[in-house]
Trainee: 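Got a structure for you, questions after.
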Amino acid sequence: MRVPLPDGSVRELPDGSTGADLAADIGPGLARAALAIRVLDESKTEQRDGTAYDDGRIVDLDAPLTDGQPIEILTAKAGDGDALKLLRHDIAHVLAESVLELYPGTKVSIGPPIADGFYYDFDFPEGVTINEDDFPKIEAQMKKHVKAAEPFVRTEETTAEAIDRYLREDQPYKVELIEDLVTNQGVKTVGIYTNGEFKDLCRGPHAPDTGRAKAFKLTSVAGAYWRGDANRQMLTRIYGTAFATKDELKEHLERLEEARKRDHRRLGRELGLFAFSETATGSAFWLPHGTQLFNTLVGLSREMGEQRGYTEVKTPQLFDSQLWKTSGHWDKYRDNMFVTESEGKQLALKPMNCPGHCQLYKLQKFSYRDLPVRYSEPGLLHRNELSGTLHGLMRVRHFAQDDAHIFCTEDQLQDEVTAALEFAFATYRMFGFDVEVELSTRPEQRIGAEELWDRSEAALEAALQANDLEYRVNEGDGAFYGPKIDLHMRDSLGRSWQLGTVQLDYNFPERFELTYTGADNVEHRPVMIHRALMGSYERFIGILIEHYGGDFPAWLAPVQAIVLPVSDRHIDYANELKAQLSGFRVEVDHRTESIGRKIRDAELRKIPYMLVVGDREVEERTASVRRHKEGDQGALSVEALKEQLSQPE
RNA sequence: GCCGGAGUAGCUCAGCUGGCCAGAGCAACCGCCUUGUAAGCGGUAGGUCACGGGUUCGAAUCCCGUCUCCGGCUCCA
């Protein structure tokens, strides 16, 4: 048989040869390094960049090769995502094997590779709890198996055999998985991988043996519901990570440590931006500098909105529950609303602005000439989120949205959605954000006619295409009143958070009986677009802090410049300089401290400009400019300074 | 809400196999120094050891409960 290789050469091998035979034929070094075979599809070059694993285009080394099929031998070289996934998947099996030995009676469920490592979910025997103190013991057991280089042996079992065996082994989760494979996919046999004594239900592929994943580490333990269902058993999930080499593992752990330094909760405290108190859990207290940052963003949104034909409005905080019954929130989200009562009436703090804006629309009379009406409001919202979901500024109970609702005609719909997306990306560009776009379609629990959902989903898709955006579709993830486009960003540890959203809604106008008078002098139903671009200011600031690592560009920094007098006799000139820079956010460090000390503190506060003034500067009416992280830039006149501070970066 | 972990001064942490008045550094405050591009020196003050119960002659330390936070899961209009 002929085996074409990536370098263009072709290898002649006996018929029925496997990947292992090929590797051995090429050389003993490769035979040792080979992990698996990547099946190449010449029409799809992207399958060679380490993304093939999910497509099932990686096969075991001992699988027979096909005559004429181009392939590549997968080795653990740096940057190969497939090799990494394979090793992590390998070590997940070793983890399960080790846990079963150390904690007999444990029930195993699933253990896949994930973005930064792997996990395995276990149901430990009654009375056994696992925490990080147990990791050294488990890791030691795992090391033994890695060192032993136990072969991964793939076998096919009929589903009946496999179920029967797992029943005997008292592994009910495996039985359920196989039963579902039979029910949903009609499979007759399942793949079983054996390493040591451990037999796992698994599609594969795996390396030839357990000896390849030498650089691994268990990282954390957490609870996770079986099959992601909160009504089912809570399992214990052990997370770990693995790399091709110990150096890469070490680098990864160091990167994590660096990322933790960018954590917005830590920087928020260090930079004096915000704080939390047990007197109002899940709600930020904004300190002066944080408030400055917050207001800068609100101002930006306001300015950009004005340029795009939005008008700002203000609506109440507390509404009669009737409003939420009309909107449908009462039925769906009552548990997450803060409800109170007065004079026999039930009231609720608004968890969102839309019904208020609908009410505002309804209080007026519109004709087609008035549309589109674009109402924006930096609205204050309260949502009673579950305590376990709170997370710094990213998930809070009280927050403000850069919210807006557009009421328009069916004809205007497409342009308005397109413009809203343009607005969103214009905003993100100001910060250099790399945003992931998702289209979420009709959920199971929804209101409104199917025909309206068809139209809404089609309109959003058209707008995405008009903006030339790449996006992912999340089936069934839409809001209960309409489909949406969600814009996601990742935090410093890679967790994804929703920032912006553009949602299309035929339902609220119906429920609130909103109308406008058409050219035909007949009342028509407007269409409504919900959009928030930064999302919540709280979350946006959280992302912003981690994105910049606290080193805000000067236009955004709470304090743009700090004047540092060399000694006390320069304080008058320092104050004078600050006065001349009115309009900029400038502080003076009045402390009787050495200039070295003042510079150190200003650097730690991450202030973009430090303006050192001593005898020379007083004499020459200048300031010596030092840029944060960059150092001394030389002396500048006040005029030149103003010029530089006004420069966008 | 669920699983696991944690909570000591404003911050970072030590003490926690039960027993000297609970410690350190930084920050704060008071002096001295008057300073040229990342920490000048000395002193002072600051804590119902998250909260509430219990065990004990004795609890920051052990046990139970509550609250909050951290890592996940579920949820996220």
Side-chain angles (χ1 to χ4, degrees), chain A residues 119 121 123-124 129-134 219-239 260 263 265-266 269-270 272 275-279 281-282 324 327-329 331-337 350-355 381 383-392 394-395 401 443 445-446 477-482 484 486 493 495 497-498 501 503 505 508 530 532 535-536 539 564-571 591-604 610-617 624-629 631-634:
Chain A
Y119 68 79
D121 284 350
D123 187 359
F124 283 94
T129 55
I130 295 295
N131 61 47
E132 292 184 19
D133 296 340
D134 300 307
T219 51
S220 65
V221 60
Y225 296 109
W226 168 232
R227 306 207 119 176
D229 184 343
N231 297 313
R232 304 201 62 181
Q233 177 72 31
M234 173 70 72
L235 305 174
T236 301
R237 175 170 298 179
I238 297 178
Y239 283 96
R260 287 195 185 99
D263 189 310
R265 293 165 295 190
R266 174 175 174 157
R269 187 180 53 244
E270 288 173 359
F276 286 92
S277 156
E278 295 193 9
T279 60
T281 54
W324 309 111
S327 69
H329 288 96
D331 285 340
K332 195 159 177 359
Y333 291 109
R334 181 168 157 39
D335 286 349
N336 293 311
M337 289 166 69
K350 67 176 170 189
M352 49 165 17
N353 298 300
C354 345
L381 307 180
R383 295 182 185 178
N384 197 2
E385 306 285 6
L386 293 176
S387 57
T389 63
L390 301 176
H391 184 102
M394 303 298 196
R395 188 82 180 268
Q401 273 185 340
Q445 266 195 63
R446 59 177 178 265
D477 233 13
F480 71 91
Y481 48 74
K484 54 184 187 156
D486 284 337
L493 287 173
R495 293 175 286 220
W497 299 93
Q498 183 191 312
T501 184
Q503 310 177 355
D505 181 5
F508 281 5
H530 308 240
S536 95
R539 180 177 292 178
L564 308 178
V566 170
S567 84
D568 286 356
R569 67 175 177 278
H570 308 115
I571 288 180
R591 296 175 305 164
T592 305
E593 286 289 353
S594 70
I595 188 66
R597 176 52 179 271
K598 290 176 189 174
I599 285 169
R600 177 181 153 81
D601 290 345
E603 286 285 353
L604 291 175
M610 283 151 272
L611 309 176
V612 177
V613 295
D615 290 340
R616 281 201 303 274
E617 289 77 13
S624 286
V625 177
R626 180 188 164 107
R627 294 290 310 269
H628 172 52
K629 284 185 147 176
D632 200 347
Q633 311 279 299

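Protein chains get the first letters and strands the later ones, always in sequence-line order, with residue 1 at the start of each.
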Trainee: Need one value for A:Gln633: base, sugar-phosphate or nothing, where a base atom within 4.0 Å counts as base even if backbone is also close, heavy atoms only.
Mentor: nothing
Trainee: Can you tabulate the close N/O pairs, meaning under 3.5 Å, that link protein atoms to atoms of nucleotides 73-77 of chain B?
Mentor:
| from | atom 1 | to | atom 2 | distance (Å) |
| --- | --- | --- | --- | --- |
| B:rC73 | O4' | A:Gly223 | O | 3.0 |
| B:rC73 | O2' | A:Tyr225 | N | 2.9 |
| B:rC73 | N4 | A:Gly388 | O | 3.4 |
| B:rC75 | O2 | A:Arg395 | NH2 | 2.8 |
| B:rC75 | N3 | A:Arg395 | NH1 | 3.1 |
| B:rC76 | O2 | A:Arg395 | NE | 3.4 |
| B:rC76 | O2 | A:Arg395 | NH1 | 3.1 |
| B:rC76 | O2 | A:Arg395 | NH2 | 3.4 |
| B:rA77 | OP2 | A:Lys484 | NZ | 3.2 |
| B:rA77 | O4' | A:Tyr333 | OH | 3.1 |
| B:rA77 | O3' | A:Tyr481 | OH | 3.2 |
| B:rA77 | O2' | A:Tyr481 | OH | 3.2 |

Trainee: Please produce a list of atom pairs where a protein N or O lies less than 3.5 Å from an N or O of nucleotides 29-33 of chain B.
Mentor:
none

Trainee: Given that both distances must come in under 3.5 Å, which nucleotide forms a Watson-Crick or G-U wobble pair with B:rA24?
Mentor: B:rU12
Trainee: Consider the side chain of A:Arg495, meaning its heavy atoms from C-beta on, and name the nucleotide among B:rU37, B:rG4, B:rG72 that approaches it most closely.
Mentor: B:rG72
Trainee: Would you list the protein and nucleotides 64-66 of chain B atom pairs, both N or O, that sit under 3.5 Å from each other?
Mentor:
none

Trainee: Atom CZ of A:Arg266 and atom C1' of B:rC69: how far apart are they, to the nearest Å?
Mentor: 16 Å
Trainee: Has A:Asn131 got a side-chain N or O lying under 4.0 Å from the OP1 or OP2 atom of B:rG4?
Mentor: no
Trainee: May I ask you to decide whether A:Arg237 forms a salt bridge with A:Asp121, counting only side-chain N to carboxylate O separations under 4.0 Å?
Mentor: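 Here A:Arg237 pairs with A:Asp121 in a salt bridge, since their nearest N and O are under 4.0 Å apart.
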Trainee: Select from A:Asp263 and A:Val612 the residue whose nearest nucleotide in RNA chain B is closer to the 5' end of that strand.
Mentor: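 Closer to the 5' end of RNA chain B: A:Val612.
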Trainee: Whom does B:rC33 pair with, Watson-Crick or G-U wobble, provided both distances fall under 3.5 Å?
Mentor: none
Trainee: So how far is it from A:Phe480 CZ to A:Tyr333 OH, rounded to the nearest 0.5 Å?
Mentor: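 The distance works out to 6.5 Å.
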Trainee: Can you tell me the Watson-Crick or wobble partner of B:rC67, both distances under 3.5 angstrom?
Mentor: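 Across any shown strand, B:rC67 pairs with B:rG7.
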Trainee: If we only count heavy atoms from C-beta on, is the A:Phe276 to A:Arg265 side-chain gap below 4.5 Å?
Mentor: no
Trainee: State the pairing partner of B:rC2; accept Watson-Crick or G-U wobble contacts with both distances under 3.5 Å, and report none otherwise.
Mentor: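 Across any shown strand, B:rC2 pairs with B:rG72.
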Trainee: On RNA chain B, compare the nucleotides closest to A:Thr281 and A:Arg265; which residue's is nearer the 5' end?
Mentor: A:Thr281
Trainee: Can the positive tip of A:Arg232 be found less than 6.0 Å from the middle of the six-membered ring of A:Tyr225, inside 45° of the ring normal?
Mentor: no
Trainee: Nearest to the A:Glu593 side chain among B:rG40, B:rA38, B:rC69, which nucleotide is it?
Mentor: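 The closest nucleotide is B:rG40.
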Trainee: Side chain of A:Ser536, backbone of A:Gln401: donor and acceptor closer than 3.5 Å?
Mentor: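 Side chain of A:Ser536 to backbone of A:Gln401: no pair is present.
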Trainee: Quick one: do A:Glu603 and A:Lys629 make a salt bridge, cutoff under 4.0 Å?
Mentor: no
Trainee: So for A:Arg597 and B:rA39, does any side-chain atom that can act as donor or acceptor lie under 3.5 Å from a complementary atom in the base?
Mentor: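 For A:Arg597, whose side chain was compared with the base of B:rA39, there is no donor-acceptor pair (under 3.5 Å).
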Trainee: Touch check for A:Gly614, heavy atoms < 4.0 angstrom, all strands: base, sugar-phosphate only, or nothing?
Mentor: base
Trainee: Calculate the interatomic distance between A:Asp123 atom CG and B:rC2 atom C1'; express it in whole Å.
Mentor: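 Result: 14 Å.
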Trainee: How long is the gap from CG on A:Leu235 to CG on A:Asp123, to the nearest 0.5 Å?
Mentor: 5.5 Å
Trainee: Answer whether the closest heavy-atom distance between the side chains of A:Ile130 and A:Phe124 falls below 4.5 Å.
Mentor: yes
Trainee: Can you check ring-ring contact (aromatic ring centres under 6.0 Å, His included) on A:Phe508 and A:His329, steps first, answer last?
Mentor: CA-CA 11 Å; A:Phe508 281 5; A:His329 288 96; 5.8 Å; yes
Trainee: Any strand counts, and the cut-off is 3.5 Å on both contacts for Watson-Crick or G-U wobble. Which nucleotide pairs with B:rU17?
Mentor: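 B:rU17 is paired with nothing.
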